[in-house]
Amino acid sequence: MALRLINTQTRRKEEFTSLEPGHVRMYTCGPTIYDFAHIGNYRAYTFEDLLRRYLKYRGYKVTQVMNLTDIDDKIIRGVNKKGITLKEYTNPYKQAFFEDLDALGIERAEHYPAATDHINEMVAIVQALVKKGHAYEADGSYYFKISSFPKYGSLSHMKLEDLKAGARIAADEYEKDTVSDFALWKAWDEADGPVYWDTPLGKGRPGWHIECSAMSMKYLGETFDIHTGGVDNMFPHHENEIAQSECATGRTFSRYWLHCEHLIVEGQKMSKSLGNFFTLRDLTAKGYSPVAVRYLLLATHYRQQLNFTMDGLDGAKAAVERLIDFKRNLQAVEGGSDNADFPAIVQKAYDGFGECLDDDLNISGALGEVFNFVKETNKLMSAKTLSKADAAKAVEALEKFDTVLGVLPKKEAGIDADIQALIDERIAARKEKNFARSDAIRDQLQAMGIILEDTPKGTTWKRQL
RNA sequence: GGCCGGUUAGCCAAGUGGUAAGGCAGAGGUCUGCAAAACCUCUAUACUCCGGUUCGAAUCCGGAACCGGCCUCCA
């Protein structure tokens with residue numbers, strides 16, 4: 001069966017087809033690089049990574065764009081406070097972001113355009129909108145005229161007249177024709193200090209929404225396949241993107257919209273005041289492995305709110321370990337004749353894995369299939385009825401699944417010579433029944449994060465996750 | 001006020017009409033110098049509540065409670 005995705009636009013599960021056969025173009029709303037990203041942000045990026053990896057698993061070529069928002073009110077405030085340039089302010093957070101992506105095993109997108117590198121493209125869109133009567137200038141700023149786009153609200157299913165005009169309408173927005181019109185370009189203001197661009201639109205800076213329109217269309221074309229983001233971006237951000245993009249080009253902007261639910265921590269909204277606000281660095285500092293965090297973020301369906309708990313993190317770690325151990329045990333299988341039941345077990349795993357993920361990326365179901373495969377194969381292994389060739393096929397399947405899951409170590413890390421020397425010494429000590437010495441070595445290695453496994457076949461080791 | 005999700009065992013979490021996947025935790029076992037690790041086996045009268053439709057409902061419809069989200073720059 002084909003891949004089906006729930007499109008926010010229609011609220012229906014739709015069969016996915018790409019505009020260009022075999023090639024998916026997707027745009028993913030990225031971070032504002034004014035601080036370290038938190039695990040809620042990474043939930044969204046992990047979901048996008050799952051989508052990307054599964055599209056590739058299904059044989060698509062993927063061109064993904066993730067923007068880096070490096071201009072907004074908070075960044076301007078930070079720049080002026082510290083008296084440094086905008087790039088000087090944002091670069092450390094940009095670097096930290098990529099470090100976190102690597103730690104979490106999130107594949108790199110093809111493009112990471114920064115907003116401030118695309119001012120000209122944004123200006124061009126604003127000019128096109130003005131020319132077509134969809135935008136107007138007021139006191140040096142430019143606004144999108146929502147009343148000129150009847151389709152406005154079709155993504156979030158919100159009606160303008162239902163919106164509560166409330167406290168969040170800033171007092172300085174009086175010059176807009178109607179309060180719901182949003183800024184495409186903001187005129188320079190003294191508080192902006194040195195942060196501005198001189199453009200045909202005047203001296204100022206871009207609004208927030210326009211960057212995504214400009215950069216997605218530049219790298220993916222006027223119409224592309226998938227646009228993703230967190231649910232909070234559905235309105236107004238994505239709604240505004242659609243309005244400005246479609247009015248500028250006269251074409252459909254994104255064909256599918258996917259929105260990721262938020263995560264909560266221990267059943268509560270993540271907030272600094274509750275003390276349950278975590279960056280990836282906060283968790284690794286507590287000794288948690290990034291791959292455990294990845295698994296936890298990945299394992300819940302993306303349209304479901306994810307309850308992030310420390311117990312859950314321990315459970316995620318144990319689940320990943322089970323997969324890693326499964327692979328190690330398979331690789332140690334020797335000889336034997338092929339098991340007649342095994343081909344059906346592998347086939348069932350492949351089929352189940354694909355069927356679940358085809359169904360709007362049902363990752364929990366897919367993981368269930370993987371663990372059933374692990375259990376059934378382990379059963380054959382412990383009965384010593386699995387052949388070396390069977391085991392190789394099982395490893396192949398597991399590695400194939402892991403192209404989507406991304407939780408297995410890329411390659412076994414080497415072992416230091418002195419660690420090997422300790423292991424050898426312990427083996428010798430055990431032969432001489434010098435258990436005091438062998439236990440001391442065992443403790444020493446454990447303190448170094450090396451777990452020993454004394455099996456009937458001898459002593460092996462693994463790194464603690 | 002408008003709109004949108006959710007509520008499944010000790011915890012996490014699939015399942016959208018046919019009688020409840022999977023992971024963690026827990027118990028037992030194999031192995032072991034003892035452990036650990038790994039693996040196997042087992043376990044739980046778990047579908048928020050109240051009505052309705054149906055031969056049959058976690059699943060569909062109506063209502064309630066609770067939790068959470070969006071309503072102009074927050075993934």
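To find a chain, count down the sequence lines: A is the first, B the second, and so on, and within it residues start at 1. Scope of the values below: all heavy atoms of this structure, side chains included, with no hydrogens, waters or symmetry mates.
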Atom pair OH/CZ of A:Tyr42 and A:Phe278 - distance to nearest 0.5 Å: 15.5 Å
Nearest atoms (heavy-atom pairs only) where A:Leu361 meets A:His301: O-ND1, 3.5 Å
It should be established whether A:Asn233 places a side-chain nitrogen or oxygen under 4.0 Å from OP1 or OP2 of nucleotide B:C74. no
Taking the minimum atom-to-atom distance to the side chain of A:Thr309, which one of B:C71, B:A14, B:C12 wins? B:C12
Which part of the nucleic acid, if any, lies within contact of A:Leu263, taking any heavy atom under 4.0 Å across all strands shown: a base, the sugar-phosphate backbone alone, or nothing? base
If a pair means Watson-Crick or G-U wobble with both distances below 3.5 Å, what does RNA chain B look like in dot-bracket form, with | marking bases paired to a different strand? (((((((..(((.....[...))).(((((.......))))).....(((((..]....))))))))))))....
Report all interatomic pairs (protein N or O, nucleotide N or O of nucleotides 65-68 of chain B) with separations under 3.5 Å.
unit_1 : atom_1 : unit_2   : atom_2 : d
B:G68  : O2'    : A:Gln305 : NE2    : 2.5

Residues of residues 67-76 of chain A with any non-hydrogen atom less than 4.0 angstrom from an atom of RNA chain B: list those, numerically ordered, please. A:Lys74
Any A:Arg328 side-chain N or O less than 4.0 Å from OP1/OP2 of B:A37: no
Holding to side chain to side chain donor-acceptor pair (under 3.5 Å), I want the full list of residues that pass it with A:Glu321, two or more places apart in sequence or in another chain. none
B/S/- along nucleotides 28-35 of chain B (protein heavy atoms under 4.0 Å) is ---S-BBB
B:C12, OP1 or OP2 - any side-chain N/O from A:Asn307 closer than 4.0 Å? yes
Indicate, with a heavy-atom threshold strictly under 4.0 Å, whether A:Gly40 touches base, sugar-phosphate, or nothing. base
Considering only atom C1', compute the distance from B:U43 to B:G26 and round it to an integer number of Å. 8 Å
Test: A:Lys400 cationic atom under 6.0 Å from A:Tyr57 six-membered ring centre, within 45° of axis: yes
Of the nucleotides B:C70, B:A14, B:C4, which has the atom closest to the A:Phe235 side chain? B:C70
Among side-chain atoms of A:Thr279 and A:His38, is any donor-acceptor pair under 3.5 angstrom? no
Taking the minimum atom-to-atom distance to the side chain of A:Asn41, which one of B:G23, B:C74, B:U72 wins? B:C74
Can A:Ser154 and A:Gln9 be counted as having a side-chain donor-acceptor contact under 3.5 angstrom? yes
Taking only heavy atoms on the protein side, list every residue of residues 368-383 of chain A lying under 4.0 Å from any atom of RNA chain B, sorted numerically. A:Gly368, A:Phe371, A:Asn372, A:Lys375, A:Asn378, A:Lys379, A:Ser382
